[in-house]
Protein chains: 2
Amino acid sequence: MTSVDEPARPNGRIRDAARTKAEILDVATREFARAGFAGARVDEIAARTRTTKRMIYYYFGGKEQLFTAVLERAYGVIREAEQELDVEHLDPVAAIRRLAELTFDHHEQHPDFIRLVSIENIHEAEHIAASEELGRIGSPALDVIRRILESGQKSGLFTADVDAVDLHAMISAFCFFRVANRHTFGALFGRDLVDPAQREHYRNMLGDMVIAYLTADRSED
Amino acid sequence: MTSVDEPARPNGRIRDAARTKAEILDVATREFARAGFAGARVDEIAARTRTTKRMIYYYFGGKEQLFTAVLERAYGVIREAEQELDVEHLDPVAAIRRLAELTFDHHEQHPDFIRLVSIENIHEAEHIAASEELGRIGSPALDVIRRILESGQKSGLFTADVDAVDLHAMISAFCFFRVANRHTFGALFGRDLVDPAQREHYRNMLGDMVIAYLTADRSED
DNA sequence: TCACTAATGTACGAACTAGTACGTTAGTCA
DNA sequence: TGACTAACGTACTAGTTCGTACATTAGTGA
């Protein structure tokens with residue numbers, strides 16, 4: 001996330017629309033992720049920036065639109081990361097495993113993003129629906145999966161009938177759940193899914209699961 | 001969930017503590033699931049019951065404790081369902097598949113429960129932590145998984161090193177994500193994970209995934 | 001250098017919202 | 001049958017929270 005700090009002019013205020021907007025988005029991301037949409041406080045967000053509440057309304061229009069902007073930026077970060085995906089020089093099995101691991105890493109490194117997505121689902125994705133930007137972005141990762149799958153299926157390594165969106169859902173489900181449901185799962189089963197000591201274990205488990213699914217012989221059913 | 005309706009006495013009020021409590025819990029479940037903890041309105045809950053806000057405070061003490069009570073009951077429903085799990089007469093492969101399918105079905109049939117759990121995770125499971133009842137319940141499903149795994153491993157059907165809690169996490173992740181993230185996933189990828197026409201497809205996918213993972217040969221890595 | 005506008009700050013209000021003080025009544029048990 | 005209490009209702013308040021009216025200033029282009 002774009003964090004900004006520079007020596008504020010001794011007395012007078014500095015004018016920098018881009019910086020002010022970015023700072024509001026930074027703080028708002030944390031506040032919405034912390035407390036949910038209804039729980040987040042516009043006054044609290046304003047207090048934690050170097051500007052005032054007035055500016056939130058000036059730049060974003062309202063709480064609702066601010067949340068949408070926060071979501072847009074958060075999804076933008078993922079999209080960028082996905083665009084740098086470079087796994088297609090690997091053989092299909094290694095490529096899928098690597099892609100799954102990168103999803104695993106990204107989710108782990110962006111718990112606020114996970115929380116925002118959970119929150120947006122409580123609101124039935126109404127902000128995504130209201131956002132032009134979010135409506136039209138595809139998923140670079142999906143294209144990558146599509147190509148790897150095709151190549152793996154052609155060479156007979158993978159079971160024929162697996163769909164890219166489904167595989168993406170499977171990988172996301174594992175990675176998302178691990179971070180999003182960390183707290184209830186920990187409280188109920190006494191196991192921290194995000195324990196650093198278990199990180200490699202779960203990372204391998206994900207890869208094993210996906211590869212096992214893709215290479216399994218399903219004729220026996 | 002315990003829904004209650006009976007002919008209200010023409011004029012006078014009826015006194016039935018159990019019914020009043022249950023009715024409050026019913027309505028509160030829906031309201032919290034709809035809007036999250038902070039977004040839920042105590043007045044709204046009261047308005048939708050046949051009693052008044054006063055009673056919510058009389059019986060539960062406050063909004064926070066009401067949410068905890070709602071969670072306790074919701075988890076109670078799952079626990080009951082899990083106690084009726086009857087799969088151990090099946091061979092290990094069929095038993096695990098059946099167990100996964102029952103989890104799949106239960107999650108699908110209780111979207112409000114899924115939402116409550118998502119909400120509780122936003123609040124870092126603080127209500128579960130505050131609840132004696134929820135702290136001490138184990139998971140009947142977990143015991144079942146443990147026994148099936150052991151039997152499957154003993155007979156050499158399953159890979160040796162799989163842990164019951166991990167397998168439970170894997171199954172839950174798939175089932176939970178499908179329901180919880182339905183809206184954002186649908187908005188971004190144009191696919192409804194809970195589309196009835198795709199139900200059997202995803203139900204099979206889950207079973208295939210779990211069995212493939214459990215029976216895969218991991219020696220080659 | 002001056003006028004003009006984008007950017008900013010202050011102060012305030014209207015509506016909402018969790019929670020409570022106080023009064024009432026239905027059922028029950030001695 | 002009468003007294004006692006659990007169960008219930010009404011009306012209100014204190015504090016919060018989103019949003020805005022109004023005033024101000026920094027930068028910029030003519």
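Any value given below was found using the heavy atoms of this structure, including those in side chains, with hydrogens, waters and symmetry copies removed.
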Which residues pass the side chain to side chain donor-acceptor pair (under 3.5 Å) test with A:R191, sequence neighbours left out?
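B:D163, B:D166.
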Residues two or more places apart in sequence or in another chain: which of them pass side chain to side chain donor-acceptor pair (under 3.5 Å) with A:N181?
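Partners of A:N181 under the side chain to side chain donor-acceptor pair (under 3.5 Å) test: none.
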In whole Å, what is the span from the [atom1] atom of [X] to the [atom2] atom of [N]?
X: A:I56; N: C:dT10; atom1: CD1; atom2: C1'; answer: 15 Å
X: B:R19; N: C:dA26; atom1: CZ; atom2: P; answer: 15 Å
X: B:E23; N: D:dA7; atom1: CD; atom2: C1'; answer: 14 Å
X: B:D16; N: C:dT25; atom1: CG; atom2: C1'; answer: 16 Å
X: A:K21; N: C:dA7; atom1: NZ; atom2: C1'; answer: 13 Å
X: A:R54; N: C:dA6; atom1: CZ; atom2: C1'; answer: 11 Å
X: A:F60; N: D:dC18; atom1: CZ; atom2: C1'; answer: 17 Å
X: B:M55; N: C:dG19; atom1: CE; atom2: P; answer: 16 Å

Among A:I96, A:V144, A:I145, find the one that has a side-chain contact (heavy atoms from CB on, under 4.5 Å) with A:V87.
A:V144
Where do A:D86 and A:R98 land on the salt bridge (charged side-chain N to carboxylate O under 4.0 Å, His left out) test, with the steps shown first?
CA-CA 9 Å; A:D86 174 33; A:R98 184 95 191 88; over 6 Å; no
Which atom pairs link the protein and nucleotides 15-18 of chain C when you take only N or O atoms and keep those under 3.5 Å?
residue	atom	partner	partner atom	Å
C:dT17	OP1	B:R41	NE	2.6
C:dT17	OP1	B:R41	NH2	3.1
C:dT17	O5'	B:R41	NE	3.4
C:dA18	OP1	B:A40	O	3.2
C:dA18	OP1	B:R41	NH1	3.4
C:dA18	OP1	B:K63	NZ	3.2
C:dA18	OP2	B:V42	N	3.2
C:dA18	N7	B:K53	NZ	3.3

Can you list everything that forms a salt bridge (charged side-chain N to carboxylate O under 4.0 Å, His left out) with [X]? Sequence neighbours excluded, please.
X: B:E108; answer: B:R178, B:R199
X: A:D195; answer: none
X: A:D192; answer: A:R182
X: B:E126; answer: none

Please list all pairs meeting side chain to side chain donor-acceptor pair (under 3.5 Å) that have one or both residues in residues 54-67 of chain A, counting only residues at least two apart or in different chains.
A:E64-A:H127
Does A:T51 have a side-chain nitrogen or oxygen under 4.0 Å from the phosphate oxygens OP1 or OP2 of C:dA7?
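Indeed not, no polar side-chain atom of A:T51 lies that close.
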Respond yes when some side-chain nitrogen or oxygen of A:T20 is under 4.0 Å from OP1 or OP2 of C:dA7, and no when none is.
no
Collect all protein-nucleotide pairs involving nucleotides 2-6 of chain D in which both atoms are nitrogen or oxygen and the distance is under 3.5 Å.
residue	atom	partner	partner atom	Å
D:dA6	N3	B:R15	NH1	3.0

